[in-house]
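What follows is one structure encoded as C-alpha cells, with my remarks underneath.
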Amino acid sequence: EMFETLEYNYDTLHTRMREEAFLNAGLRIQTVDLRPGREQEDSMCYEGGIKSFVTYLGEKRNLEVLHPNVIYLKGQTERGMAEIALQYNSSYNELLLSFANNVHTPEGGMHEEGFKRALTNVLNAYGRKIKMLKDDEKISGEDCREGLTCVISVKLQEAEFEGQTKAKLGNTEIRTLVSNMVYTKLMEFFEENPGVAKAIFEKAGHDACALAQQVFHIPAQVPGDLFHTAVGIYGDHSFPKSGGAALAAPDKMSKFVSI
C-alpha cells in the first residue's frame with residue numbers, strides 16, 4: 001500500500017469536479033458525501049462552459065469588469081481544438097488558467113504562449129489602426145494582460161506533457177492554432193465592438209503610462225511637448241514624441257522606447 005491512511009477531502013474533490021463541469025458545457029456533475037456527520041451534496045451544470053467559468057472567477061474575486069459580456073473565441077483544425085474565454089476588469093491582476101484535455105496546466109505551455117503572443121499583437125495592431133499608436137510604438141505583453149481573467153481549454157488527440165505532473169503542455173502545433181485563432185477572431189470582435197476594444201486598449205495604455213510616471217517621476221498633468229511614452233497615451237491625453245535617444249531602463253521599463 002502506498003498510503004497508511006486514505007482521507008478524501010470533499011472540498012478538494014468538489015473544486016475539481018466544478019472545473020470539469022465548466023470545461024464541459026452542459027455536462028451535469030454531482031458530488032455526494034455520505035460519510036456520517038459529513039453528509040452533503042452538490043450538483044453542477046454550466047451551459048455557458050468556460051464563459052461561465054470566467055464569470056464565476058470574476059464574481060468570486062468581486063471584480064469590477066470593463067465589459068459585461070465575456071469574450072469567447074473558438075477554433076479547430078485536424079490536430080486539435082481550442083476555446084478561450086476572457087474578460088477585463090479594473091484591477092492590475094492577471095488570472096490565466098489553462099487546460100489541455102481537461103488537465104490543468106499550471107506551468108502553462110504552448111497554448112498559453114500562442115495566446116499571449118496573439119493578444120499582444122492584436123492590441124498593438126488595433127491601436128495603430130485607430131491611430132492611438134504610432135508605427136514605432138508598442139504596448140508590452142504584460143500591460144496587455146493587466147486586469148485580464150482568462151480560461152484557455154485545448155483538446156488534442158495526442159497531448160504531450162512535460163514532467164510527470166503534466167504541468168506544462170509541449171505540443172508546438174497548438175501554439176500555432178491558438179495564435180492564429182486568437183488574432184483573427186479577436187480582431188474581428190474588436191472591429192464589431194469598438195467600444196469594448198477601446199476600453200481594453202485604453203486600460204493597457206493607461207497602465208503602461210502609469211508605470212512610466214512612477215519610474216521616471218513624470219507629473220500627472222504634464223505638457224504634451226515634454227514627454228512621450230512608448231504607448232503614446234495616458235488616459236484620454238496624447239503626448240507628442242520628443243525624440244532623443246532611448247533610455248536604458250531595467251526590468252519592466254525596457255518596454256518604453258523613449259522619453
Side-chain angles (χ1 to χ4, degrees), residues 19 22-25 48-54 57 66-67 69-89 93-129 133 138-163 165-193 196-197 200-201 203-204 207-208 252 254-255:
E19 283 184 353
F22 279 127
L23 294 170
N24 298 274
I50 62 173
K51 290 187 293 183
S52 299
F53 200 170
V54 169
L57 293 170
L66 292 187
H67 48 98
N69 297 324
V70 176
I71 301 171
Y72 178 75
L73 313 170
K74 184 176 181 180
Q76 185 171 354
T77 66
E78 295 180 354
R79 302 294 297 275
M81 181 274 289
E83 58 175 344
I84 297 173
L86 62 137
Q87 187 175 45
Y88 278 86
N89 58 76
N93 300 316
E94 171 191 352
L95 176 59
L96 196 161
L97 299 178
S98 63
F99 300 83
N101 291 355
N102 289 357
V103 176
H104 184 209
T105 48
E107 296 181 11
M110 295 299 170
H111 48 343
E112 285 194 20
E113 285 187 19
F115 169 75
K116 291 177 180 179
R117 177 189 302 175
L119 178 66
T120 303
N121 290 340
V122 168
L123 281 174
N124 279 282
Y126 187 79
R128 296 186 185 96
K129 183 175 182 178
L133 279 183
K138 184 178 182 180
I139 301 177
S140 76
E142 288 183 357
D143 286 321
C144 289
R145 297 192 303 274
E146 284 192 353
L148 172 68
T149 301
C150 177
V151 174
I152 302 172
S153 177
V154 298
K155 305 290 176 60
L156 309 94
Q157 294 181 0
E158 297 181 7
E160 299 173 3
F161 294 101
E162 298 180 10
T165 59
K166 297 184 178 181
K168 188 174 183 179
L169 184 66
N171 297 70
T172 56
E173 69 274 10
I174 204 68
R175 177 177 57 193
T176 302
L177 167 60
V178 171
S179 181
N180 292 342
M181 182 268 290
V182 170
Y183 189 91
T184 301
K185 295 187 178 295
L186 187 56
M187 185 63 81
E188 291 177 355
F189 176 87
F190 281 177
E191 292 175 349
E192 295 172 358
N193 301 270
V196 174
I200 293 173
F201 179 84
K203 174 175 174 54
D207 293 344
K252 291 181 68 176
S254 61
K255 70 188 70 174

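When a residue number appears, it is its place in the shown sequence, counting from 1. Predicted model, so just to flag it, every value in this text is computed and none were measured.
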Take a 6.0 Å sphere around CZ of R79 and say whether it holds more than 12 heavy atoms from other residues, nucleotides or ligands. no

Are E19 and F53 packed together at the side-chain level, in the sense that at least one heavy-atom pair is separated by less than 4.5 angstrom? yes

When you compare the side chain of Y126 with that of L133, does any pair of heavy atoms fall below 4.5 Å? no

Test salt bridge (charged side-chain N to carboxylate O under 4.0 Å, His left out) applied to E162 - qualifying residues, sequence neighbours left out: none

Over 12 non-hydrogen atoms of neighbours within 6.0 angstrom of NZ in K185: no

Quick one: CG on L177 to CD on E173, what's the gap to the nearest 0.5 Å? 9.0 Å

Would you say I50 and E83 make side-chain contact, with heavy atoms under 4.5 Å? yes

Could you list all the side chain to side chain donor-acceptor pair (under 3.5 Å) pairs where at least one residue sits in residues 104-114, not counting sequence neighbours? S98-T105, S98-H111, S98-E112, T105-H111, E113-R175

Between I71 and L73, does a side-chain contact (heavy atoms from CB on, under 4.5 Å) hold up when you go through it step by step? CA-CA 7 Å; I71 301 171; L73 313 170; 4.1 Å; yes

Value rounded to 0.5 Å, distance of CG in L123 from NZ in K138: 11.5 Å

Taken in chain and number order and not counting sequence neighbours, the residues that satisfy salt bridge (charged side-chain N to carboxylate O under 4.0 Å, His left out) with K74 are none

Report yes or no: does N93 contribute a side-chain atom to a donor-acceptor pair with the main-chain N or O of G147 at less than 3.5 Å? no

List the steps, then state whether side-chain contact (heavy atoms from CB on, under 4.5 Å) holds for C150 with I152. CA-CA 7 Å; C150 177; I152 302 172; 3.9 Å; yes

Please round to the nearest 0.5 Å and tell me the distance separating atom CD of E192 and atom CE of M187. 12.5 Å

For a side-chain contact (heavy atoms from CB on, under 4.5 Å) check, start with the C-alpha distance between E94 and T149, then their side-chain angles and the critical distance, and finish with the verdict. CA-CA 6 Å; E94 171 191 352; T149 301; over 6 Å; no

Surrounding NZ of K51 (heavy atoms of other residues, nucleotides or ligands, distance under 6.0 Å), is the total greater than 12? no

Whether N101 side chain and L156 backbone form a donor-acceptor pair below 3.5 Å: yes

Minimal non-hydrogen separation, Y183 against A125, with atom names: OH-CB, 3.6 Å

Specify the closest pair of heavy atoms between I174 and M81, including all atoms of both residues, with the distance to one decimal. CD1-O, 4.5 Å

Between Y88 and V196, is any pair of side-chain heavy atoms under 4.5 Å apart? no

Heavy-atom pair of closest approach, residues A204 and C144: CB-CA, 4.2 Å

Student check: side-chain heavy atoms of F161 and K168 closer than 4.5 Å: no

Would you say that F115 contacts L96 through its side chain, given a criterion of any heavy-atom pair below 4.5 Å between the two side chains? yes

In Å and rounded to the nearest 0.5 Å, what is the CG to NZ distance from D143 to K203? 9.5 Å

Carefully, step by step, assess L148 and L86 under the rule side-chain contact (heavy atoms from CB on, under 4.5 Å). CA-CA 7 Å; L148 172 68; L86 62 137; 3.8 Å; yes

How many angstroms lie between OG in S153 and CD1 in I84, if you round to the nearest 0.5 Å? 9.5 Å

Considering all heavy atoms, the nearest S179-R117 contact: OG-CD, 4.2 Å

Minimum heavy-atom separation for V70 and A85, please, with both atom names. CG1-CB, 3.8 Å

T120 versus S140, closest heavy-atom pair with distance: CG2-C, 4.3 Å

Inter-residue atom distance N124.CG - K129.NZ, 0.5 Å rounding: 14.5 Å

